[in-house]
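All values below were derived from every heavy atom in this structure, side-chain atoms included, with hydrogens, water molecules and symmetry-related copies excluded. Each chain gets a letter, A, B and so on, in the order its sequence line appears, and its residues count up from 1.
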Protein chains: 2
Amino acid sequence: MKHPVNQQDLSARLATSGFRFTPQRRCVYDVLLARRDHPTAEEIYSRAKKAMPEISHATVYNCLDALVSCRLVRQVQLERGAARFCPNMEEHCHYYCDKCGAVFDVALTEGATSVPRPKGFKVNYYEIAVHGLCTDCARNKSFA
Amino acid sequence: MKHPVNQQDLSARLATSGFRFTPQRRCVYDVLLARRDHPTAEEIYSRAKKAMPEISHATVYNCLDALVSCRLVRQVQLERGAARFCPNMEEHCHYYCDKCGAVFDVALTEGATSVPRPKGFKVNYYEIAVHGLCTDCARNKSFA
DNA sequence: GTCAATAATTAGAATTATTCTAAATCCAAC
DNA sequence: GTTGGATTTAGAATAATTCTAATTATTGAC
């Protein structure tokens, strides 16, 4: 199952971490799957509002935290300010354009990337962020 | 020069990115060098205030941004909320304990870690964050 | 050294991002 | 069907950062 798209699958996945299925969690997850542009909680809130006008900020954060806990979504902090969210759970790193703010997922080839593991530390997950200029911004550097 | 500790060196380094030397920048940099615990801007502010009681939040942010721009300091975002700052410019990644908040620098052995480089993207720097439980917290899991 | 131009600092306000609160609602299990 | 706990809601509260306008400091030209 790449992404749990039906209610049974999503509900089961949530349950593995002790969470209940709710229409709001479904909605927030759908918003993330629909457009993979690494939106902030605020952006997710306004997109979710189109389908569920009653949804609140607190609920969006609650849903995101639940989805992150059951490993359906990754939280990504690329800069000062708002966190971003990403439903791509394949091994990948994030390329972030410091000029235009674009985020690109780049797959990590199996075994090519090794992270040192000091003994004793229990690793949960890791996040690799590469900062710089995207192709477009690098080309138009002079017009900054 | 591992860290520019005297005024001439710090001034010269700031100048390479078009910044001026100021006592506030000296002070903020000294605060970071004095205690390598990856403090937030707020923590840096309160430590800096001991030496310069007049320093303001805006100045601390300005100083940090200048130091980051001229590559004397790294800004690190490990979680939702405040950014942290680190004067260690050796190649290293950050181990972050999601329970107690401790941050550990772990050196990246030369060549061992490779990050994929999509062509066109102009890399400035990259950041590797490993999340999990530190040795102490992993041991005391049951007392969470 | 003095001066002008510009960068940097300051206090505090403003904004942005996130969390908290208390009441209402929902769901699962008995 | 009742109970308990999880979840949602609106809105307040807090935390983190940025902005503003006035002042001060630093640099480079003279």
Side-chain angles (χ1 to χ4, degrees), chain A residues 7-8 10-29 31 38-49 51-70 73 75-85 98 101, chain B residues 7-8 10-31 38-49 51-70 72-73 75-85 98 101:
Chain A
Q7 177 169 342
Q8 283 74 17
L10 179 53
S11 181
R13 182 62 93 83
L14 285 163
T16 61
S17 300
F19 296 106
R20 292 181 180 171
F21 172 89
T22 69
Q24 288 85 351
R25 286 172 181 162
R26 157 95 280 160
C27 175
V28 165
Y29 189 46
V31 162
H38 303 80
T40 63
E42 180 64 30
E43 287 162 343
I44 293 162
Y45 170 70
S46 61
R47 290 178 200 173
K49 256 180 123 57
M52 296 190 93
E54 302 297 283
I55 203 169
S56 73
H57 276 108
T59 299
V60 169
Y61 279 101
N62 175 306
C63 293
L64 289 169
D65 289 344
L67 293 166
V68 168
S69 289
C70 67
V73 168
Q75 173 176 310
V76 188
Q77 281 281 163
L78 293 167
E79 69 216 303
R80 220 139 73 188
R84 294 159 176 278
F85 297 87
D98 289 311
Chain B
Q7 176 169 343
Q8 283 74 16
L10 178 53
S11 181
R13 183 62 94 85
L14 285 162
T16 60
S17 300
F19 295 106
R20 293 179 179 174
F21 173 89
T22 69
Q24 289 84 354
R25 286 173 180 161
R26 158 94 282 160
C27 174
V28 166
Y29 189 45
D30 287 344
V31 162
H38 303 81
T40 63
E42 181 64 30
E43 287 162 343
I44 294 163
Y45 170 70
S46 61
R47 291 178 200 173
K49 256 179 124 55
M52 295 190 93
E54 302 297 281
I55 203 168
S56 72
H57 275 109
T59 299
V60 169
Y61 278 101
N62 175 307
C63 293
L64 289 169
D65 289 343
L67 292 167
V68 168
S69 288
C70 67
L72 285 174
V73 168
Q75 173 176 312
V76 188
Q77 281 283 163
L78 292 167
E79 69 216 302
R80 222 139 71 189
R84 294 160 176 279
F85 297 87
D98 289 311

When you measure from the side chain of [X], which nucleotide among [options] comes out closest?
X     : options                : answer
A/T59 : D/dT17, C/dT10, D/dT8  : D/dT8
B/A41 : D/dT17, C/dA17, D/dT27 : D/dT17
B/Y61 : C/dA8, C/dT18, D/dT17  : D/dT17
B/E54 : D/dT18, C/dT10, D/dT27 : C/dT10

Atom pair distance, as rounded to whole Å: [atom1] in [X] and [atom2] in [N]:
X     : N      : atom1 : atom2 : result
B/Q8  : D/dT26 : CD    : P     : 14 Å
B/R80 : D/dT17 : CZ    : P     : 14 Å
A/Q77 : D/dA16 : CD    : C1'   : 11 Å
B/M52 : C/dA11 : CE    : C1'   : 15 Å
A/R25 : C/dC27 : CZ    : C1'   : 12 Å
A/K49 : D/dT9  : NZ    : C1'   : 10 Å
B/L14 : C/dT6  : CG    : P     : 21 Å
B/E43 : D/dA15 : CD    : P     : 13 Å

Have a look at [X] and say if it touches a base, only the backbone sugar-phosphate, or nothing, with a 4.0 Å heavy-atom cut-off.
X     : result
A/T22 : sugar-phosphate
A/A83 : sugar-phosphate
A/A58 : base

First encountered from the 5' end of DNA chain C, between B/I55 and A/H57:
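Its nearest nucleotide lies further toward 5', so the answer is B/I55.
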Contact nearer the 5' end of DNA chain C, comparing A/R20 with B/V60
B/V60
Distance test, side-chain N/O of A/Q24 to OP1/OP2 of D/dT9, below 4.0 Å
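For D/dT9, OP1 or OP2 has a side-chain N or O of A/Q24 closer than 4.0 Å.
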Does B/S11 or A/N62 map to a spot on DNA chain D nearer the 5' end, using the closest nucleotide for each?
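The residue mapped nearer the 5' terminus is A/N62.
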Yes or no on side chain to side chain contact (heavy atoms under 4.5 Å, CB included) for A/Q77 and B/E79, after CA distance, side-chain angles and deciding distance?
CA-CA 7 Å; A/Q77 281 281 163; B/E79 69 216 302; 5.9 Å; no
Heavy-atom pair of closest approach, residues A/S69 and A/S17:
O-OG, 3.6 Å
N/O donor-acceptor pair under 3.5 Å between [X] side chain and [Y] backbone:
X     : Y     : answer
A/R13 : A/C70 : yes
B/R25 : B/N62 : no
B/S46 : B/E43 : yes

